[in-house]
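Below is one structure; the comments refer to it alone.
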Number of protein chains: 2
Amino acid sequence: MLEIGSKGEYATRAMVYLARRYGRHTTSLTAIADEQRIPRRYLEQLIAELRKAGLIAATRGASGGYTLAKDPAEISLYDIVSVLEGPLMVQDCVENGRNACVFADECAVREVWTDLHQVIYDKLKSVTLKQLADRANQIRKEQNAKYAIYSRYPSEMVN
Amino acid sequence: MLEIGSKGEYATRAMVYLARRYGRHTTSLTAIADEQRIPRRYLEQLIAELRKAGLIAATRGASGGYTLAKDPAEISLYDIVSVLEGPLMVQDCVENGRNACVFADECAVREVWTDLHQVIYDKLKSVTLKQLADRANQIRKEQNAKYAIYSRYPSEMVN
DNA sequence: TTAATTCCTACCAATTTAGTAGGAATTGAA
DNA sequence: TTCAATTCCTACTAAATTGGTAGGAATTAA
Ligand code: FES
Ligand code: FES
């Protein structure tokens with residue numbers, strides 16, 4: 001119930017990955033797919049949609065690759081997921097007009113769907129890529145500190 | 001994205017309908033389906049599941065029908081929808097263990113999915129059938145007051 | 001020229017969704 | 001006893017969605 005599919009998950013992980021490299025070199029599709037363990041040919045299609053939506057910029061040809069098209073602080077989780085899975089739509093009747101249920105505005109249930117829609121939207125819209133990237137960096141740092149006791153070579157940053 | 005299907009919607013509307021009649025006579029499938037504009041043979045299957053889940057009680061035979069198995073105040077919106085559409089599962093990795101993503105507990109994104117899971121769950125669990133039924137009655141009352149100016153026969157209560 | 005890379009389009013199997021359908025079993029009432 | 005109303009059980013299905021795979025053209029740095 002109310003699941004986010006693999007598209008949304010893959011796209012988000014890929015975007016966080018790019019956010020952590022924002023301002024540096026571009027990253028190739030293969031690199032993202034390998035490090036994030038995402039099927040390459042599938043991710044390719046997802047990235048194509050993110051590019052069409054203006055969230056990702058591409059450089060073609062040899063040594064080309066992808067990079068974020070905007071500052072990570074300007075991209076929300078909602079922006080990403082809605083590209084891949086369509087706009088948030090808990091129930092059709094929440095968007096008053098299109099495919100509204102028979103009882104439309106005289107329906108008590110509809111008010112709750114609307115509330116639910118709002119809390120989901122607020123949460124997804126409030127999270128920025130910058131926050132996610134910062135948090136990912138922080139986690140990685142903690143992990144490295146932990147393993148530094150045993151090894152001089154901390155696990156590669158993969159996320 | 002994150003849609004609740006017709007099952008969840010139909011089931012919820014049917015349950016609110018039953019809640020508004022709780023403590024009185026049982027209601028036949030046909031009556032519910034007709035008044036709520038839900039395909040009868042389809043609703044039949046939904047109600048079967050709600051019964052197996054212990055939310056609805058049935059009386060068989062002529063002049064039989066359905067009624068809520070518990071007090072409306074004891075049934076939440078989550079209880080209803082989860083029967084029809086399965087438990088809330090924003091992402092598999094939120095339920096730590098089963099089908100978790102590769103990076104599991106070293107993943108920043110996972111924390112957000114978990115937050116999202118929580119706000120959705122809290123909202124759905126906080127709404128009881130009693131609240132919905134009361135609100136539906138209130139709306140109907142307002143509608144009747146409105147139309148009483150024009151007619152002595154207010155529109156039938158359908159929800 | 002070549003190798004690496006993005007870009008475009010088509011295809012596919014499995015699952016889910018949103019129902020439809022037939023008929024058996026139960027029961028109150030005539 | 002019979003009948004009509006009703007729930008109960010099981011099977012079927014068309015269309016859409018999901019989660020990919022696949023082939024090859026276009027672009028560009030070296
Ligand atoms: S109007 Fe959509 S559930 Fe009633
Ligand atoms: S562990 Fe599920 S998104 Fe990373």
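All values below were derived from every heavy atom in this structure, side-chain atoms included, with hydrogens, water molecules and symmetry-related copies excluded.
- Applying the 4.0 Å criterion to OP1 and OP2 of D:dT6, one finds that B:Ser63 has every side-chain N and O outside that range.
- Partners of B:Thr59 under the side-chain contact (heavy atoms from CB on, under 4.5 Å) rule, at least two apart in sequence or in another chain, are B:Thr26.
- Under a 3.5 Å cut-off, the side chain of B:Arg110 and the backbone N or O of B:Val94 do not form any donor-acceptor pair.
- The salt bridge (charged side-chain N to carboxylate O under 4.0 Å, His left out) analysis of residues 47-71 of chain A, with sequence neighbours excluded, yields no pairs.
- At the phosphate of C:dA18, neither OP1 nor OP2 sits under 4.0 Å from any side-chain N or O atom of B:Tyr10.
- Residues passing the side-chain contact (heavy atoms from CB on, under 4.5 Å) test with A:Gln45 are A:Tyr42, sequence neighbours excluded.
- Taking the screw axis at each terminus of the helix from C:dT1-D:dA30 to C:dA30-D:dT1 from five consecutive base pairs, the angle between the two is 0° to within rounding of 10 degrees.
- One interatomic measurement links the two molecules: CD1 of A:Ile32 to P of C:dT5, which rounds to 12 Å at whole-angstrom precision.
- Counting only heavy atoms from C-beta on, B:Ala62 has its side chain closest to D:dA5 among D:dA5, D:dG19, C:dT20.
- The CD-P distance, from B:Glu85 to C:dT17, rounds to 7 Å in whole Å.
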Open item on the list: Can you build the contact string for nucleotides 10-17 of chain D? Use B for base contact, S for sugar-phosphate-only contact, and - for no protein heavy atom under 4.0 Å.
Closed with: -B------
Let me have the donor-acceptor pairs involving side chains of residues 76-85 of chain B, under 3.5 Å, with sequence neighbours excluded, atom names and distances please.
residue : atom : partner  : partner atom : Å
B:Ser76 : OG   : B:Tyr78  : N            : 3.3
B:Ser76 : OG   : B:Asp79  : N            : 3.1
B:Ser76 : OG   : B:Asp79  : OD1          : 3.2
B:Ser76 : OG   : B:Asp79  : OD2          : 3.1
B:Tyr78 : OH   : B:Leu88  : N            : 3.1
B:Asp79 : OD1  : B:Lys125 : NZ           : 2.7
B:Asp79 : OD2  : B:Ser76  : N            : 2.9
B:Ser82 : OG   : B:Tyr78  : O            : 2.8
B:Ser82 : OG   : B:Asp79  : O            : 3.3
B:Glu85 : OE1  : B:Gly5   : N            : 3.4
B:Glu85 : OE2  : B:Gly5   : N            : 3.0
B:Glu85 : OE2  : B:Gly8   : N            : 2.9

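- D:dG19 atom C1' lies 20 Å from atom CZ of A:Arg37, rounded to whole Å.
- Separating the CG atom of A:Leu84 from the C1' atom of D:dG20 is a distance of 14 Å, rounded to the nearest angstrom.
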Shorter than 3.5 Å, N or O on both sides, protein versus nucleotides 7-9 of chain D: list them out with atom names.
residue : atom : partner : partner atom : Å
D:dT7   : OP1  : B:Leu29 : N            : 2.7
D:dT7   : O2   : B:Arg60 : NH2          : 3.2
D:dC8   : OP1  : B:Arg51 : NE           : 3.4
D:dC8   : OP2  : B:Arg51 : NE           : 3.3
D:dC8   : OP2  : B:Tyr66 : OH           : 3.2
D:dC8   : N4   : B:Glu44 : OE2          : 2.3
D:dC9   : OP2  : B:Arg51 : NH2          : 3.1
D:dC9   : N4   : B:Glu44 : OE2          : 3.4

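- The CD atom of A:Gln91 sits 13 Å away from the P atom of C:dT17 (whole-angstrom rounding).
- In this entry the distance linking CG of B:Leu46 with P of C:dG19 reads 10 Å, nearest Å.
- With sequence neighbours excluded, the residues that form a salt bridge (charged side-chain N to carboxylate O under 4.0 Å, His left out) with A:Asp115 are B:Lys123.
- Residues that satisfy the side-chain contact (heavy atoms from CB on, under 4.5 Å) test with B:Ser63, not counting sequence neighbours, are absent from this structure.
- For A:Ala57, the side-chain contact (heavy atoms from CB on, under 4.5 Å) criterion is met by A:Thr67, A:Ala69, not counting sequence neighbours.
- Residues passing the salt bridge (charged side-chain N to carboxylate O under 4.0 Å, His left out) test with A:Asp134 are A:Lys130, sequence neighbours excluded.
- Between the side chain of A:Arg37 and the main chain of A:Ala33, no donor-acceptor pair closer than 3.5 Å is present.
- Qualifying ring-ring contact (aromatic ring centres under 6.0 Å, His included) partners for B:Tyr22, counting only residues two or more places apart in sequence or in other chains: none.
- Atom OH in B:Tyr42 sits roughly 6 Å away from atom C1' in C:dG19 (whole-Å rounding).
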